[in-house]
Amino acid sequence: RITGNVYFGGGDQCKGRRSNKSGSCMEYLNLESNKWIELSDTNMEHKIKPVIWIEDVNMLYISSSATNWIESIDLREGKNVWEKALRIDKVFGISAPTIASAAQLVI
């Protein structure tokens with residue numbers, strides 16, 4: 001039996017969603033019920049190669065080179081509100097233009 005959730009977010013499009021803000025969609029597939037659940041849109045548009053991860057079971061994070069931000073949401077709180085957690089350039093000691101340039105080279 002498969003259990004758990006698979007999270008999807010960011011990218012170029014938000015088709016069929018309440019928001020048309022590209023790159024800000026976040027949702028997950030519950031593998032037990034086989035149902036999609038929408039989370040609130042992120043504050044930033046994570047269009048270019050978004051990265052999504054979970055820490056401590058309940059803290060969901062998203063980041064991308066396009067935004068220079070790492071955002072987080074506590075899945076336990078039920079508020080369904082994203083917060084800007086950290087600036088990527090401050091964490092890694094690089095400038096935002098360097099991040100954008102690196103993303104363009106990889107594409």
Side-chain angles (χ1 to χ4, degrees):
R1 183 169 192 209
I2 299 173
T3 62
N5 299 321
V6 179
Y7 293 87
F8 297 89
D12 280 336
Q13 299 180 33
C14 296
K15 291 184 179 179
R17 293 286 307 259
R18 63 189 173 279
S19 168
N20 290 324
K21 192 166 73 167
S22 181
S24 64
C25 296
M26 180 62 70
E27 57 192 343
Y28 66 92
L29 173 63
N30 180 289
L31 296 174
E32 272 187 72
S33 65
N34 199 31
K35 291 186 180 177
W36 287 95
I37 292 101
E38 291 184 0
L39 294 172
S40 63
D41 290 346
T42 59
N43 296 306
M44 308 299 289
E45 295 184 7
H46 299 278
K47 293 180 183 181
I48 300 173
K49 299 185 180 181
V51 177
I52 300 168
W53 70 99
I54 292 183
E55 290 183 4
D56 300 323
V57 181
N58 294 303
M59 290 301 298
L60 179 64
Y61 294 87
I62 185 170
S63 182
S64 70
S65 58
T67 63
N68 195 33
W69 282 99
I70 300 170
E71 293 188 72
S72 67
I73 189 170
D74 189 336
L75 299 172
R76 294 172 295 193
E77 292 183 354
K79 289 190 280 186
N80 205 11
V81 176
W82 287 90
E83 297 180 15
K84 293 180 186 174
L86 299 166
R87 284 180 50 129
I88 295 172
D89 59 350
K90 301 296 182 194
V91 173
F92 296 105
I94 56 178
S95 67
T98 303
I99 293 169
S101 298
Q104 290 172 356
L105 291 174
V106 174
I107 297 173

Which heavy atom of [X] sits nearest to which heavy atom of [Y], and what is that distance?
X     : Y     : value
Ile62 : Pro50 : CD1-CB, 4.2 Å
Met44 : Trp69 : CE-CD1, 3.7 Å
Glu45 : Ser64 : O-OG, 4.4 Å

Task: Of all pairs that satisfy salt bridge (Lys or Arg N to Asp or Glu O under 4.0 Å), the ones with a partner from residues 56-75, not counting sequence neighbours - done: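 Non-adjacent pairs meeting salt bridge (Lys or Arg N to Asp or Glu O under 4.0 Å): Asp74-Arg76.
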Who passes side-chain contact (heavy atoms from CB on, under 4.5 Å) against [X], sequence neighbours left out?
X     : answer
Leu75 : Tyr7, Leu39, Leu60, Ile73
Val81 : Lys79
Trp53 : Val51, Glu55, Tyr61, Ser63, Ile70

TODO: Not counting sequence neighbours, which residues clear side chain to side chain donor-acceptor pair (under 3.5 Å) with Asn30? List them please.
DONE: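 For Asn30 the side chain to side chain donor-acceptor pair (under 3.5 Å) partners, ignoring immediate neighbours, are Asn5, Ser33.
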Open item on the list: Can you tell me how far apart CH2 (Trp82) and OG1 (Thr42) are? Round to the nearest 0.5 Å.
Closed with: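 Here the rounded value is 7.0 Å.
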- [ ] Kindly determine whether Ser72 and Met59 satisfy side-chain contact (heavy atoms from CB on, under 4.5 Å), including the steps that lead there.
- [x] CA-CA 7 Å; Ser72 67; Met59 290 301 298; 4.0 Å; yes
- [ ] Kindly determine whether Ile52 and Met26 satisfy side-chain contact (heavy atoms from CB on, under 4.5 Å), including the steps that lead there.
- [x] CA-CA 10 Å; Ile52 300 168; Met26 180 62 70; 4.0 Å; yes
